[in-house]
Every structure is written in structure tokens, then in C-alpha cells.
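What follows is one structure encoded as C-alpha cells, with my remarks underneath.
Naming: A, B, ... by sequence-line order, numbering from 1 per chain. Hydrogens, waters and symmetry mates are skipped; everything else that's a heavy atom, side chains included, is used.
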Protein chains: 2
Amino acid sequence: MAIDRKQLIIEAATKSFSLFGFKATTMDQVAKIANVGKGTIYTFFKNKEELFDEIISSLISEMKRAADEAMDSTLSFHEKVHRGLYQILEFRLKHQLTIKLFQEEKEMGTPAVMEVMIKLEDAILGYLKEKIIAAIDKGEIQECNPEVTAFIMLKLYVALIFDWEKRNEPLEKEEIAKLFEQYIFKGLSNR
Amino acid sequence: MAIDRKQLIIEAATKSFSLFGFKATTMDQVAKIANVGKGTIYTFFKNKEELFDEIISSLISEMKRAADEAMDSTLSFHEKVHRGLYQILEFRLKHQLTIKLFQEEKEMGTPAVMEVMIKLEDAILGYLKEKIIAAIDKGEIQECNPEVTAFIMLKLYVALIFDWEKRNEPLEKEEIAKLFEQYIFKGLSNR
DNA sequence: AAATGACCAAATTACTCATTTAGTCAATTA
DNA sequence: TAATTGACTAAATGAGTAATTTGGTCATTT
């Protein structure tokens, strides 16, 4: 069997998107890195966006896998959510592609990137929502709106991991878990 | 006593900033609206940014006043925080100047505007922090890091009021209060 | 049948130059 | 004489445009 051209293209595109972002990656460049004629790309992908989408879909799967691996059925719900969310958000910090896209979204607002980031957020929210519904069923947590709860959990995590360190010393993983427990699971009240 | 030129300038600038934003407001325009020579502006303000700063300082005072008025010493801490924060964020939605600046910050990233928005956020966080410290002292809430707590409360509110409605039906004021109570004050846990 | 790269219309960029702007200061006013 | 003014300047901006680059196609090659 000859070399898998589709795979070469995907790898080349991933490398280039990671290095230069979506907008600054040209199809000529991808073709050159993949050692492939430009036309070949278009036999596998309708256009640049579809190539991008396929890469992001893989990324989402990878994230889900990482989150699942970080969990453990013996853990309490809140430990599970903490580890899963932390894993997902760590992903953003560690993987070149997500870093670059995150930056491109904020700094240039490239439409294709914005779209994909929404898809990514939806995937995380959907994943969280499932876990929350399961936890309610098992009686691990109180009745609550799973959609809003997933949303609040994600926002809280993003705030603690990304927003907080824009102006303060970064919080340790343990501190974040503790804060998450204190606010979402225990509550601040004295009553 | 002759007309208060400084006040005229402040009023003219406020009007123009509200209508056109910081960048699109020219000093000539402010002078014309204020019926004042351009040079006069520079006898009261070192430059355009200082004029802007003075206006924002007033805005912050106004916000504080609005928040204080919305509170009532007979209310529980969480009702107080809810009403105060809600008032402050409503401010953003209702007042021309804040709407325009919020927009200018996101769409154009005008440096002077970015700076001032940080100042505004800091003012809100400082205000919240004070209330939290007082509540801890009075034993109304558990011990906690007032800085982080203020940060979390603000982020949660912004998420519920601004971010949520980007993709969903807006939440009612009462729903927001309920969610705030459920998550921050009561906690989700069953244990 | 699969792969290619020259080709094209459309988009983007680099550049220029006329206009606008923040801030100054000599002249004017009260 | 102290406050006010607006013509003035250097710097910044942005409209207009020419030149380049890009995504995508398709006739040709392998």
C-alpha cells in the first residue's frame, strides 16, 4: 500500500495550524509540508474549513479520552468533575494547536476559528451535562438544571484557571479543587 | 460667577464618549459641544486620557451609589450581594457610556478604554471584597479568601447575565438569584 | 483512476499621500 | 494680568490603489 496521503495532509495541516494559526496557514503550505500536490487536498476535503473541522473533531475526541482517563468510577462526583474539567482545560494550556486557536479567536476573531471554538465549548458542555445527569440519577447531587449547572461549572473553571492568572498568582491545582468544592459543593452559607 | 467651564467640558465629553466612544471623540468636537476653546480643555485636563479618567471616576462613584441604594441592612448577605451586583451589571446594560465602552473594548481594543475597564473591574472587586470581609466578621458566611470569593461572585454573575444569553434564553432576575443561592450559598452536594 | 500544479477570480496586503488629530502657544479678551 | 482662544504643527490615521497572495478548479500527467 502506498503512503496514506489523507493522513499526511492532516498531519501537515495540524502542524501548520499549530504553528501559524488558521488564517496564516495557506493551502500551498499544507501541500508542501505534506509533500502532496495542492489539488490532492481537495480530493479529501471540500475546502480549508472542512480540513480544519476534521482536525478539531479529532481534538475533541482526544479531549474526551483524556477526561475519561482522568476519571475513575471510585471517585466522588465532585472529584470526577474536577479531574475531568481540569484535564480538559490543561489540554488547552499544553497543546500548541489549542493555544494558537485560543489566541487567534481573541486577537483576530477569525470567523472559522470562532465557529470551531463554539463547537469545542459545546462538546465540553455536552460531556459535562451527561455526567451531571448521571450524578443526579445516582443521587450523588441535588436536583438541578443540568445545562445551567454544566455552564456554571465550566465558567467557574475557566475563570479560576485562565482569568484569575491574568492579574494574580496562578492557583494550584489543589487550590482550585478546594475552591470548587467550597463554592459549588458545600456553599458559603452558615445557615 | 461665570459659567463653570470645567463642568461644561465634562458634560460635553461624556455626551460625546457615550455617542461615539473614546477613539472617535475628538477634542475639537468636545470643545465645540462645550462651547469652549480647545485650549481651555487643556487648562483643566492634562490630556484626553485624563479627561476620560475623571469621567470614569464619576461613573464608578455612581455605580457604588446605585449598589448601596439597592442594598438594605435588613437583607441577608446573599440578597445584598445579589442586589448590589445585579444593580452594577444592570448599569452596564442601561447606561449609554458603559455600553459604548464595553463595545469599544471588545471590538477595537482601544488601549485607553481597556485600561479604564480594568479600573472599573477593580472597583467592583474592591467593593465586593469589603462586603465579604464584613460578612465574615459578622459570622454571616464561612471563612474564605475575600479576594477569590469576590472574583468568583463577579465572574459567576457576568457569566449568568452576559454570557448565558449569548446562546440561550436570558435568565430572569429571580432565577439568577436562585442559582446564586443554590451554588454559592447552599452547594450542590447531598452529603 | 489518482495525483498534480498552472491558472484564475477574489481577497488580502503594502504602500502612498491627503486628511485629521492631540496638544501648544502667541495673540486676544475681559 | 489672568483666563481664554483658535491657528498652528508634528504625528497619526485612513482612504485609495496597485501588487501580491490565496483558495479553489481543472486540463494534463503519471
Any Arg5(A) side-chain N or O less than 4.0 Å from OP1/OP2 of dA2(C):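 Checking Arg5(A) against dA2(C): no side-chain N or O falls below 4.0 Å of OP1 or OP2.
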Under 4.0 angstrom between Thr40(A) side-chain N/O and dT4(C) OP1 or OP2: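 It does, given that an N or O in the side chain of Thr40(A) lies less than 4.0 Å from OP1 or OP2 of dT4(C).
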Cation-aromatic face contact Lys48(A)/Phe22(A), 6.0 Å, 45 degrees: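 Checked: cation-pi criterion met.
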[atom1] of [X] versus [atom2] of [N]: gap in Å, rounded?
{"X": "Gln29(A)", "N": "dG24(D)", "atom1": "CD", "atom2": "C1'", "result": "17 Å"}
{"X": "Leu8(A)", "N": "dA2(C)", "atom1": "CG", "atom2": "C1'", "result": "15 Å"}
{"X": "Ile41(A)", "N": "dC26(D)", "atom1": "CD1", "atom2": "P", "result": "17 Å"}
{"X": "Lys6(A)", "N": "dA3(C)", "atom1": "NZ", "atom2": "C1'", "result": "17 Å"}

Nucleic acid footprint by protein, nucleotides 20-30 of chain C - heavy-atom cut-off 4.0 Å, B for base, S for sugar-phosphate alone: -SBBB------
Aromatic contact, Phe162(B) with Phe102(B) (centres under 6.0 Å):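 Here the rings of Phe102(B) and Phe162(B) have centres that are less than 6.0 Å from each other.
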Expected output: side-chain Trp164(A) to main-chain Ile152(B) donor-acceptor under 3.5 Å: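 No, the answer is negative, given that no donor and acceptor are paired below the 3.5 Å cut-off.
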Tyr127(B) versus Asp122(B), side-chain donor and acceptor atoms under 3.5 Å: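 No pair is found: no donor N or O on one side chain lies under 3.5 Å from an acceptor on the other.
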Qualifying salt bridge (Lys or Arg N to Asp or Glu O under 4.0 Å) pairs with a residue from residues 82-96 of chain A, counting only residues at least two apart or across chains: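 Salt bridge (Lys or Arg N to Asp or Glu O under 4.0 Å) check on residues 82-96 of chain A returns Glu79(A)-Arg83(A), Glu90(A)-Lys94(A).
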Partner set under side-chain contact (heavy atoms from CB on, under 4.5 Å) for Ser57(A), not counting sequence neighbours: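 Per chain and number, Ser57(A) pairs via side-chain contact (heavy atoms from CB on, under 4.5 Å) with Lys119(A).
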